[in-house]
Structure formats: C-alpha cells, structure tokens
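A quick write-up on the structure given underneath.
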Amino acid sequence: MLQLQAIRDQKDEIINALKKRNIDAAPLIAQVVGLDEKRRATQTKLDATLAESNKLSKEIGELFKTGKAQEANVLKEKTGSLKEDAKRLGETLNQAAEELQTLLYQIPNVPNPLVPAGNSDEDNEEVFAEGDIPKLETNALPHWELAKKYDIIDFELGVKITGAGFPVYKGKGARLQRALISYFLDKNTEAGYIEMQVPHLVNETSGLGTGQLPDKEGQMYHVGEDDLYLIPTAEVPVTNMLRDVILNEKDFPICYTAYTPCFRREAGSYGAHVRGLNRLHQFDKVEIVRVEHPNDSHTALDGMVEHVKNILRELQLPFRILRLCGGDLGFTSALTYDFEVFSAAQDRWLEISSVSNFETYQANRLKLRFKDGEGKSRLAHTLNGSSLALPRVLAGILENYQTANGVQVPEVLVPYCGFDRIE
RNA sequence: GGAGGAAUGGCAGAGUGGUCGAAUGCGGCAGUCUUGAAAACUGUUGAGGGUCACACCUCCGGGGGUUCGAAUCCCUCUUCCUCCGCCA
C-alpha cells in the first residue's frame, strides 16, 4: 500500500511511474486525494466537537463536586447536540476512511526506476546468464516421463487421493526432494539467514499484510470453517511475524529462511505448459525474507540475487536472470528478478526463483517500522525470494542430468541423498 | 468440548466513574562522576491523526453499549492462564 503522504507530495511522479505498469492511475489518485481531504476536514470538525464536549464534561464534574447541581444540569443539556454532531461526523469519517482504504488497496506498488517498460514476460530484460546448456541424447525425456520410468513421482496417485496438481514423491524421488530442502536451508543458514518453522495456515490480517488479500483472494485455498488461508508462500507467515513491530536501527538486517509447502489454486490453467511438475497446487519451497533499512534494501536485493546465483552454480544448472518489466511485475513489488533454469528436454526456461524488493509497500500495510537516528518512526523495507522452489529445480535436475543409464545426482546433493544415481 | 479467572506502555505492575495517556519498578536513551567501565545520581523515554509550529483529537486486547463524563459499569468476540475431558 502506498503511503498517503507520498501520494499527497508526489502525485505526478507516482502517476508517471505507474505508467510503466501500463495503467493510468490518475483517476484513482485523484479520488484518493479528494477522499483524503474530505477525511481530514471531517476529522478536524470532529476533533473540535469532541474538544468542546470534553471541556463541558470537565466543567460539569467540577460543578457537581462543588454542589452546584442545578448549573450542572443546564450544561448537561448543551452536550446533547454535541453528541449528535460527533456521532454524525464519526460516521462520515469512518465511511471516508473505509473508502480510502479500498482505493489504496487497488493501487499497485510504484516500480523502481530500474524496471524496464513492457507489457508481458516477453519484455523482461535478461541481465545475466550462465552455464552450458547440455546436449542431450536424441531420445532425451521430459521429467514426467523420467518420473514414470524410474518410479520416483506418481501424478496419478496424487489424483486418486486428492486431485490434479498434488503429486506423490516416491523412494529416491522423495529422498532427492528432502535432500534439496536440507541443502537449500543449509546454504541459506550459512549466508546468515535464521531458519524458522512457521504455520502453514494464516488469518486474514496476515493475508492483507503481505498483499495477497484483498485482490488475490481466489488464488488461495480458504478454510471456511475457521476463516484461515493455506499459505501460497512462506513469505506470508514469515513477513507477518514482523507485523506491528517497531525495530531499532541496529536490528537491521533481519534475515529469515523457512521451508514450507505452498498451496496455490492456480484456477483455470491447464495444458502443455503445466504438465508434470511445471505447475502444481501443492509444492515445496525454501524462502528467504529480509527486512532492511531503506538505504540498504537495494544492496540487499543484489546480495540475495548473488546468493541464489551461487546455489545454481553449485547445482551446475544453466540459468538466466531476468529483470521483470512493468507489465510482468507483481502487484506489491518495486523491483523483481526472476531466475530461470533451462530445461533441455522441454527446450524451455523454467522459473525457479523470484527475488523482490517491496520497499515500503508491504511495510505500510504491516505497520513494520523502525526508529531512525532522530527517534522518528519510519517504514522499513521488506524483501523476499525463493531459495529455492523445489519442483522445477527437481525437473531441471532430472532433465539436464539424465544419461542413457539413469539420472545422475548433482555432486553437492550426493551427501544429502546418500546415492549418486537414480536408475 | 465443559467450568472458572485474566488481558493496562519495551517488560513487570498499580489504578473499580471525573484531578488518568495512566503511579511505581525494571529496561532504553542522554548527562554528571570516572583514565575507561561498573555502581550511584540527574534528566528523559508509548503509538497514531492534526498543525509551519503549537493547540487539539484518538488509542488501556477487538467491536458495540450505558453516562454530561469510561482503563474503571454492561454486552459480545478474540487470546492467554487454571481445573476437567479428549489427544500426536
């Protein structure tokens, strides 16, 4: 959520920057400014009414104490109309504040100046690429065929017990998955992230805090009975740990990592591009989350990108990094880098990580602040990234490491797996 | 699930209708003393709105009510604690 103060002060800059997202925010911003003025004017009137009422109440108290009940009763009558005014103004105020909130929820984050213009994923800017794309045998298989051949992932079994998009990992497949989780957590811990285990269901307030609600409601599984949401990413519970917190400057940086399953309804997407592990309703992910001083957040973002890079290097997977264009940028993000691994057998790039700086957008919703040198409260910056998402990394490994006699296990994972080949 | 009790500032903890945004202690910050530190002493220290700055307004778990006036009384929700039941 953008800060009202910023909208007031830098209206034109914001409208201009939002054009990169291909939206014309001018009407919305104008509405916000109008409502904000109304809200403040009403607040001023209400405050004056309440001040008058408070004053009278004090006088009445004094009069009763000194035994002047009659005079007190005269004053009492005067408070009646003030009360009515206050009630009416209070209602107007609440309504204006509510409308304002609804409007603010509709405005996405302002893209960072680095964000390239563009409409779709085709306009994303490749900023880095590394690793050799392996030359596979002509009869190389996509991962869903490999999964069947070696009996390590069973999609049909998942359909039987739950539905499409809920695979069952078996034997070495399950072990490889667990190995990846441990490996990622270890790498993140080495880099200074503190490991957390967090709830997999969150309440509505948490959904609002990180920006999944109110607009992406349909993408989360909702447990109606208890009004809880299954998390679409660990970002939600982990970042919300800092909700309503005022940090000290010396607390920065805050670095957390967490492994969780992620649940996404992904309504309405079927077809070739979602085969196998490419898109699931439940998948595993290890996430990194940082809370930073505004001055340091972009350096931190670069650091997170480097960190993910190093993991992919160790796994020896060919990858590239894209800077998302305005049209592809997530609603709450100011700047996002996507990591993609090349899947030789599918002959396409698979997104395996997304690293973002939300600047103050989430912090404003979360009321995540810190005391600066002058003792003033300011909003912190939040960042997060996948380090890493499991299924597509698994797909990339299966496809790129396949040989005529089985799938080799990447060297760094062998100690975690306890085997070096799936056959 | 049943029966009781509780929720106050960073923490602990007073406050049962007006003088309470809230005693006191601890912690934090600044200073005095000290070569430095500790101790001691002095001062300071919640959040939000509003204003050029003041004034002023709101907030004592959330929401609603009673009253001229609510941290304090009533209703309701949530959470925590104790006892019972169930249970990995």
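Quick note on labels: first sequence line is chain A, next is B, and so on, each numbered from 1.
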Considering only NZ, NE, NH1 and NH2 on the basic side and carboxylate oxygens on the acidic side, decide whether [X] and [Y] come within less than 4.0 Å.
X: A:Arg8; Y: A:Asp36; answer: yes
X: A:Asp244; Y: A:Lys367; answer: no
X: A:Lys187; Y: A:Glu314; answer: yes

Quick one: look up who [N] pairs with, Watson-Crick or G-U, both distances under 3.5 Å, and put none if it's unpaired.
N: B:rU16; answer: none
N: B:rG4; answer: B:rC81
N: B:rU51; answer: none
N: B:rG9; answer: none
N: B:rA40; answer: B:rU32
N: B:rG27; answer: B:rU45
N: B:rA88; answer: none

Can you see which heavy atom on A:Ser386 is nearest to which on A:Ala389, and at what distance?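 Distance-wise, the nearest heavy atoms are CB-N, 4.0 Å.
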
Tell me what A:Ser53 touches on the nucleic acid: a base, only sugar-phosphate, or nothing, going by heavy atoms under 4.0 Å.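 Answer is nothing: A:Ser53 stays at 4.0 Å or more from every strand.
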
What is the nucleic acid contact for A:Leu56, judged by heavy atoms within less than 4.0 Å: base, sugar-phosphate only, or nothing?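 Here A:Leu56 touches no strand at all.
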
Side-chain N or O of [X] closer than 4.0 Å to phosphate OP1/OP2 of [N]:
X: A:Arg40; N: B:rC57; result: no
X: A:Arg39; N: B:rG49; result: no
X: A:Lys371; N: B:rG28; result: no
X: A:Asn54; N: B:rG69; result: no

Between [M] and [N] - [atom1] atom distance, rounded Å:
N: B:rC52; M: B:rG64; atom1: P; answer: 31 Å
N: B:rU72; M: B:rA7; atom1: P; answer: 11 Å
N: B:rC11; M: B:rU82; atom1: C1'; answer: 23 Å
N: B:rG17; M: B:rA70; atom1: C1'; answer: 7 Å
N: B:rC57; M: B:rA40; atom1: C1'; answer: 42 Å
N: B:rG18; M: B:rG69; atom1: P; answer: 14 Å
N: B:rG61; M: B:rG9; atom1: C1'; answer: 14 Å
N: B:rG25; M: B:rU78; atom1: P; answer: 39 Å

Would a line drawn from the ring center of A:Tyr256 to the ring center of A:Tyr193 be shorter than 6.0 Å?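 No, they do not, as the ring centres are separated by 6.0 Å or more.
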
When the ring centroid of A:Phe263 is compared with that of A:His200, is the distance short of 6.0 Å?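 No: the rings miss the under 6.0 Å criterion.
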
In terms of the nearest nucleotide of RNA chain B, which residue is placed more toward the 5' end: A:Thr79 or A:Glu52?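 Whichever sits nearer the 5' end wins; that is A:Glu52.
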
Closest nucleotide of RNA chain B for A:Thr44 versus for A:Gly80: which of these residues is on the 5' side?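 Closest to the 5' end, via its nearest nucleotide, is A:Thr44.
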
Distance check needed: B:rG18 P versus A:Lys58 NZ, whole Å only.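 Computing the A:Lys58:NZ to B:rG18:P distance gives 13 Å.
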
Could you check which of B:rG69, B:rG50, B:rG48 has an atom nearest any side-chain atom of A:Arg8?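 Selected nucleotide (nearest to the side chain): B:rG50.
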
Considering only side-chain heavy atoms of A:Ala51, which listed nucleotide, B:rC56, B:rC68, B:rA47, is closest?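 The answer is B:rC56.
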
Determine whether a donor-acceptor pair (N or O, by modelled atom type, separation under 3.5 Å) exists between the side chain of A:Arg290 and the backbone of A:Ile254.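 Looks like no, no N/O pair under 3.5 Å.
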
Can you find an N or O donor on one side and an acceptor on the other, under 3.5 Å apart, linking the side chain of A:Asp47 with the base of B:rG49?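 Yes.
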
